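This one's a predicted model, so the numbers in the text were calculated from it and none came from an experiment. Chain identifiers are assigned alphabetically (A, B, ...) following the order of the sequence lines, protein sequences preceding nucleic acid strands; residue numbering begins at 1 within each chain.
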Protein chains: 2
Amino acid sequence: MDTSKPEQGNGTRDRILAAAATVLAREGYAGTRLTDIAQHAELRAPAVYYYFSSREELIGEVMVVGQRWVRTHVSEALAALPSEATSLDRIETAVEAHLRVELELSDFARAVTRNSGQLPPDLRAPVAAESALYHSIWRELLEAGHADGSIRADLDLRTARMLVIGALNWAAEWWNGERGTVGEVIGTAQALVRHGLAAPPRPA
Amino acid sequence: MDTSKPEQGNGTRDRILAAAATVLAREGYAGTRLTDIAQHAELRAPAVYYYFSSREELIGEVMVVGQRWVRTHVSEALAALPSEATSLDRIETAVEAHLRVELELSDFARAVTRNSGQLPPDLRAPVAAESALYHSIWRELLEAGHADGSIRADLDLRTARMLVIGALNWAAEWWNGERGTVGEVIGTAQALVRHGLAAPPRPA
DNA sequence: GTCTATAAGTAGATAGAC
DNA sequence: GTCTATCTACTTATAGAC
């Protein structure tokens, strides 16, 4: 399976994948018609069957590729940090990477966030597996901060993780570039998350 | 239009409405079949047409009723606060009321959050109007805190509002009662939001 | 590789009995 | 008020030409 950035659309197959993400994000799983995907990709529906064996397979691949791309991007951003980076620095980096890839790749991101709960049973497992891998990155980030005392000790880490990722995912729903840059969203999200999680400075 | 709590289901009409919310939350706008709604309401599809003139009208009403119920609940919780309540107390109350109604009424809440972006143009306007009314409550809460100095002065209030509401809305996606109570989610969300927004205590 | 034509299935909606 | 029967429209998927 091709793991390159899906929208670059080198070939027809990638163009179909990107078209499917666009329609999926707008119309939802059940509302995504093969003819609409084909039209966005500038060909006719039967041509899609040359690259994908069914509508379900195509949709499943959009979801997995989109989710994996987010994980890869966040994971690479964390790997690029110097080893001195604090737990909260690492979390801020993850916030930035998540928002940047999500708002750039917003069709794929919205396709995943809006439809992962609406998929038929056959498609659920691979998407859930990718999503679990992504969540485990965040679980480790929060546990590290909790262990070194930079995150408040009384915080429920799982709930906090779900709330933070929810806030970030939801950005693809409302952000459209008309009112401010991605950088502005990132700055606000980083401030909210940092102060929301951080333990108060201990008295000297 | 009936504005009573939608799930109580006094009559057949309310039972259909609740059934539609359930199917809508799970299957999405386009995936919501009239026959599935009818089955959940324990009758046959043509009976639905006795109460609603079309599938679209029924779905539109689920969305508006669900969104209005959230607004009403939050707004009543705020009205019940004593006048001495601080801006941050008011925000914590809104967090609690939002989560409580959303996780109790989760079919309606999920129907609104997941599908408001997937509606056909005819249904969009009334839902958007209700949603705008709800957001204006939060806008005022944040502006009050900003004005009295309890919220950090450098925060972008619109972005902060969207991120906070996004985090709360998303809870209906992952919370299922199996791992903790609503109260625990509320406590974590209140702590994250309060510390995320609050201005640092000024030096004496 | 992509097309036109078409088969097979399923949905919303209406007619009309009870 | 709710049902059974049915009409019409639309969707996925395949066959086979180019």
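The CZ atom of A/Arg44 sits 17 Å away from the C1' atom of D/dG16 (whole-angstrom rounding). Counting to the nearest Å, the P atom of D/dC10 and the CZ atom of A/Arg33 are 11 Å from each other. Rounded to whole angstrom, the span from the CG atom of A/Asp36 across to the P atom of D/dT12 amounts to 8 Å. Between B/Arg55 atom CZ and C/dT14 atom P the separation is 14 Å, expressed in whole Å. Taking atom CD1 on A/Ile37 and atom P on D/dT11, their separation rounds to 12 Å, with Å as the unit. Here D/dT6 presents its P atom at 19 Å from OH of B/Tyr49, a figure rounded to the nearest Å. Counting to the nearest Å, the C1' atom of D/dG1 and the CD atom of B/Glu42 are 16 Å from each other. Summarising the geometry, the separation between CD on B/Gln39 and P on D/dT2 is reported as 17 Å, rounded to the nearest angstrom.
Listed pair B/Thr12 / D/dG1 fails the phosphate criterion, with no side-chain N or O lying under 4.0 Å from OP1 or OP2. Phosphate proximity of D/dA13 to A/Ser53: absent, as no side-chain N or O sits under 4.0 Å from OP1 or OP2.
The aromatic rings of B/His98 and B/Trp138 stand perpendicular to each other, their planes meeting at an angle above 60°, with 30° marking the opposite boundary.
Two residues are said to be in side-chain contact when any heavy atoms from C-beta on lie closer than 4.5 Å; A/Glu173 and A/Arg114 meet this criterion.
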_Residue pair A/Asn169, A/Thr113: steps toward the side chain to side chain donor-acceptor pair (under 3.5 Å) verdict_ = CA-CA 7 Å; A/Asn169 277 339; A/Thr113 57; 5.8 Å; no
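Closest-nucleotide positions on DNA chain D for B/Tyr50 and A/Leu34 were compared, and the one nearer the 5' end corresponds to B/Tyr50.
Results of the side-chain hydrogen bond (donor to acceptor under 3.5 Å, both in side chains) test with A/Thr22 over A/Asp107, A/Asp36, A/Thr32 single out A/Asp107 as the only residue that passes.
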